[in-house]
Amino acid sequence: MSAATPTNVFQVDRQTLGIDWADGAKSQYNVRELRLCCSCASCVHEWTGEKLLDDGSIPEDVAPVSIENVGLYGLRIQWSDGHNTGIYTYERLRALDRTPEDS
Ligand SMILES: [Zn+2]
């Protein structure tokens, strides 16, 4: 079906989230960047796609407090700034990964 199926989701360190994928790829994300690209209705306008979130309002040291699976398709992250309405689908996470391929 899709390569966007994680086999492991883990915190590499406080600022870094790691995901291992079913096809063997490994991704790492800066957690603040993930927070800034939240696509929930309070961060991005539902109809216009305009970003409503003010990056400057997000603490430099924002970090996930908890990460839970949402069905089989994504993650819901509870953030240290209190935000928890964003769902990060695995497909989106996969697309966000800009880590160059090793091979
Ligand atoms: Zn949001």
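All values below come from the heavy atoms of this structure, side chains included, with hydrogens, waters and symmetry mates left out.
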On a heavy-atom basis, which atom in [X] and which in [Y] lie closest, and how many Å separate them?
X   : Y   : value
P6  : W21 : N-CE3, 3.8 Å
S42 : L52 : O-CB, 3.8 Å
C43 : C38 : CB-O, 3.5 Å
K51 : D55 : NZ-OD1, 2.8 Å
Q15 : V62 : OE1-O, 4.1 Å
C37 : L96 : SG-CD1, 3.8 Å

Heavy-atom donor-acceptor pair, R14 side chain to D61 backbone, under 3.5 Å: yes
Answer yes or no: is there a donor N or O on one side and an acceptor on the other, between the side chain of R32 and the main chain of I58, under 3.5 Å? yes
Determine, using the 4.5 Å side-chain heavy-atom cutoff (strictly less than), whether V31 and L53 are members of one ILVMFWY cluster. yes
Can you hop from L36 to L17 via hydrophobic side chains spaced under 4.5 Å? yes
Nearest 0.5 Å please: distance from the [atom1] atom of [X] over to the [atom2] atom of [Y].
X   : Y   : atom1 : atom2 : answer
S39 : H45 : OG    : NE2   : 14.5 Å
E91 : L93 : CD    : CG    : 10.5 Å
R35 : N30 : CZ    : CG    : 13.0 Å
N84 : I77 : CG    : CD1   : 11.0 Å
L75 : Y88 : CG    : OH    : 10.0 Å

Residues L72, Y90; criterion side chain to side chain contact (heavy atoms under 4.5 Å, CB included); working and verdict: CA-CA 9 Å; L72 292 172; Y90 296 131; 5.8 Å; no
Quick check: do [X] and [Y] have side-chain heavy atoms less than 4.5 Å from each other?
X   : Y   : answer
W79 : L34 : yes
F10 : D20 : yes
D97 : I19 : no

With side chain to side chain donor-acceptor pair (under 3.5 Å) as the test, pick out the partner of R94 among D23, T89, T5. D23
